[in-house]
Each structure stands twice: as structure tokens, then as C-alpha cells.
Q: 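Take a look at the following structure, please.
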Amino acid sequence: MQLCRFTLPGQGHRLGLLAGGTVYDLTASGWPALATLSALLQASVTTPIEALLKDVDLRGLPGYAYADLDGEPTERSPHLLPPSDRQEVWAAGVTYAWSREARVREAQTKDVYVRVYEAERPELFFKCPGEKAVGPNDWIGLRGDSQWNVPEPELTLLLNPALQIVGYTAGNDVSSRDIEGENPLYLPQAKIYRHACALGPAITLAREGLDPQNLSVRLTIYRDSAVVFQGQTSTARMHRRPAELAHYLGRYNDFPQGVLLMTGTGIVPPDDFSLRDGDNVLIEIKGVGTLRNPVKQM
Ligand code: DO4
Ligand code: MG
């Protein structure tokens with residue numbers, strides 16, 4: 001069972017439940033706690049999401065066939081939106097040795113990456129407001145002032161206002177490596193721009209029994225239908241625990257609408273690789289789903 005946000009022609013933004021190939025319209029239940037993702041996250045502080053959903057009679061809700069969750073939406077199936085509405089999206093960095101090594105190679109100021117990998121305090125940075133994240137099948141952008149743009153496939157945590165991990169989704173922390181490498185103070189420009197954050201396709205609830213520290217993550221990049229890069233890792237290789245990252249994010253900060261936290265990349269394409277206009281990026285996280293986004297040069 002997964003949660004999603006979706007829209008159908010003329011129907012606005014809806015909260016949905018994905019079960020057995022059907023998207024059930026939770027917003028149509030009329031229950032305030034199921035109206036939006038923010039409302040659900042707020043309610044989940046006192047009542048677990050699964051308990052809130054238990055009493056919903058799905059047969060009484062509009063349901064839309066969504067046989068192929070990972071595929072392109074058809075005219076008759078709902079269009080999935082990013083699983084974020086009023087939450088901020090944050091990201092952790094240098095949480096895998098592979099990421100540390102790639103930053104050291106690209107950077108003119110090298111030791112910050114080695115130090116943050118080993119430090120007790122993780123690197124955490126603001127990525128975007130939830131409304132600016134893009135969902136499955138929407139385009140991700142390449143900055144016109146950068147020559148070196150890459151996707152970063154990241155397990156993404158969904159946290160409620162009490163900073164409890166209530167779900168997981170896939171995230172793409174699209175980044176400009178040349179801007180990042182030139183000076184660490186340029187990080188916000190290397191990370192925050194139009195269509196630089198993709199999330200989705202849906203939220204797997206934390207209580208579904210998924211072990212976030214043992215999930216395979218695969219990144220595939222297609223160019224003219226051919227695979228130009230494929231890499232794989234496991235969240236078991238992450239140097240930090242998800243709960244530890246959530247704890248640091250919540251220190252002296254409040255997230256009344258909940259928050260999403262990308263947990264860092266463990267896959268970095270070779271240094272001579274940069275995304276191009278027209279590429280297609282697929283991020284597959286076992287048990288969480290496949291996030292697919294075409295690339296657009298801005
Ligand atoms: O400090 C650089 C950002 C690192 C990052 O985004 C990652 O490791 O995923
Ligand atoms: Mg990243």
C-alpha cells in the first residue's frame with residue numbers, strides 16, 4: 001500500500017492511496033485528515049497513518065485504474081504529482097564513501113568533504129519548497145551556466161512534524177558539479193534551481209516492513225534509447241542511519257507541515273559524464289518504486 005498525490009483533468013490536487021493497481025481518491029472521503037498530505041502528516045503525530053486509513057471504506061471512494069505505476073500515465077489514468085505539498089525538502093550530503101571521493105576529485109577546496117564524512121554532524125542543506133519539486137515523468141533541468149550536470153539518486157524520507165519517519169520515496173538531487181566544485185559556498189547554486197528536485201512516484205509507508213538500511217538503488221540513464229550509464233548501490237553502504245539524519249534535521253528547527261529529507265547519493269557517474277537534453281533518468285529503489293524523468297536543457 002502506497003500513498004500518492006495525483007490529479008485528473010479538472011479535479012485539482014488529490015491525495016491518493018495506491019492498492020492493487022487502483023488509485024483511491026482519499027481527498028474525496030471528506031475526512032479532514034485525508035484532505036492533503038500536510039493534513040495527514042499533522043494527524044499522524046497522534047495517530048499512525050495506517051490507523052487513520054484503516055477505517056476508510058475504499059469501496060466508497062472514486063478509484064482509478066493505474067495498472068502500471070512505473071509507466072507513463074495514460075489519458076484514463078491519474079497523473080501522479082510529487083509526493084510533497086507544503087513540506088520543505090532538505091537533503092543530506094556525503095553520506096556514502098563514493099560521494100565523498102567524487103567531491104574530493106571535483107573540488108578545489110577538498111578537505112571539507114573528508115571532514116564532513118567523518119564528523120558527527122552530517123551535512124544537511126535545504127533543497128526546495130515541496131511545491132517546487134517535480135513528480136514522475138516531469139522534466140528535470142540542466143542549468144545553462146553549467147557544463148557538468150548529474151542526477152543523484154537518493155532514498156528520501158518522509159517525516160511528520162514530530163520528525164518521525166512515516167514513509168519513503170525516491171528522490172533525484174539534480175546537481176551541477178562544476179559549480180559545486182569551484183567553491184563550497186556555491187552549493188546553493190549547484191543544488192537549487194528550476195526543476196532540480198524530482199520526487200516520487202509514491203510514498204511507501206514506513207510500517208510496510210521495509211528496511212531503509214538495506215534497499216538496492218539503481219540509476220539508469222538513457223540517451224537515444226541506449227543506456228549511457230548504469231550504476232547500482234545499496235543503502236546498506238550509507239555511512240549514516242536515516243534516523244540519525246532525521247534527528248539532526250530536527251535540531252532547533254520546526255516543520256509544522258512535515259518535511260522530506262533526501263539521504264545522499266551512493267552512485268556518481270564517471271567524471272567525464274554530464275546529462276544532456278533529451279536524456280531519460282530512471283531511479284529504481286527496491287520496494288519504493290521507480291522515478292523516471294526526462295532531461296531538459298534550460
Ligand atoms: O556537498 C555536496 C553535496 C553532496 C550530495 O548532495 C550527496 O552526497 O548526495
Ligand atoms: Mg545529493
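Ligands are counted one by one from 1 in listed order, and the atoms in each one are counted from 1 as well. Reckoned from all heavy atoms, side chains included, excluding hydrogens, waters and symmetry mates.
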Q: Looking only at distance, does Glu180 have an N or O less than 3.5 Å from an N or O of ligand 1?
A: no
Q: Quick one: which ligand 1 atoms are inside 4.0 Å of a heavy atom on Gly93?
A: 4 (C), 5 (C), 7 (C), 8 (O)
Q: Give the atom numbers and elements of ligand 1 that come within less than 4.0 Å of a heavy atom of Gly264.
A: 9 (O)
Q: List every atom of ligand 1 that sits less than 4.0 Å from any heavy atom of Ser99, numbering the atoms from 1 in the order shown and giving each element.
A: 7 (C), 8 (O)
Q: Contact between Leu53 and Met1 at the side-chain level, heavy atoms closer than 4.5 Å - yes or no?
A: yes
Q: Distance under 4.0 Å to a non-hydrogen atom of Val94: what atoms of ligand 1 satisfy this?
A: 4 (C), 7 (C), 8 (O)
Q: Of all the atoms in ligand 1, which lie at a distance below 4.0 Å from a heavy atom belonging to Asp173?
A: 6 (O)
Q: Can you list the atoms of ligand 1 that are under 4.0 Å from a heavy atom of Lys191?
A: 3 (C), 5 (C), 6 (O)
Q: Looking at Glu154, which atoms of ligand 1 are within less than 4.0 Å of one of its heavy atoms?
A: 9 (O)
Q: Let me know which of Asp25, Thr7, Val23, Leu34 forms a side chain to side chain contact (heavy atoms under 4.5 Å, CB included) with Arg14.
A: Asp25
Q: Can you find a non-hydrogen atom of Arg100 under 4.0 Å from ligand 1?
A: no
Q: Do you see a donor-acceptor pair shorter than 3.5 Å between the side chains of Thr204 and Gln2?
A: yes
Q: Just which atoms of ligand 1 are under 4.0 Å from any heavy atom in Tyr113?
A: 1 (O), 2 (C)
Q: Record the part of Glu123 in heavy-atom contact with ligand 1 below 4.0 Å; permitted values are side chain, backbone, both and neither.
A: side chain
Q: What is the name of the N/O/S atom of Glu152 that is nearest to the Mg ion (ligand 2)?
A: OE1
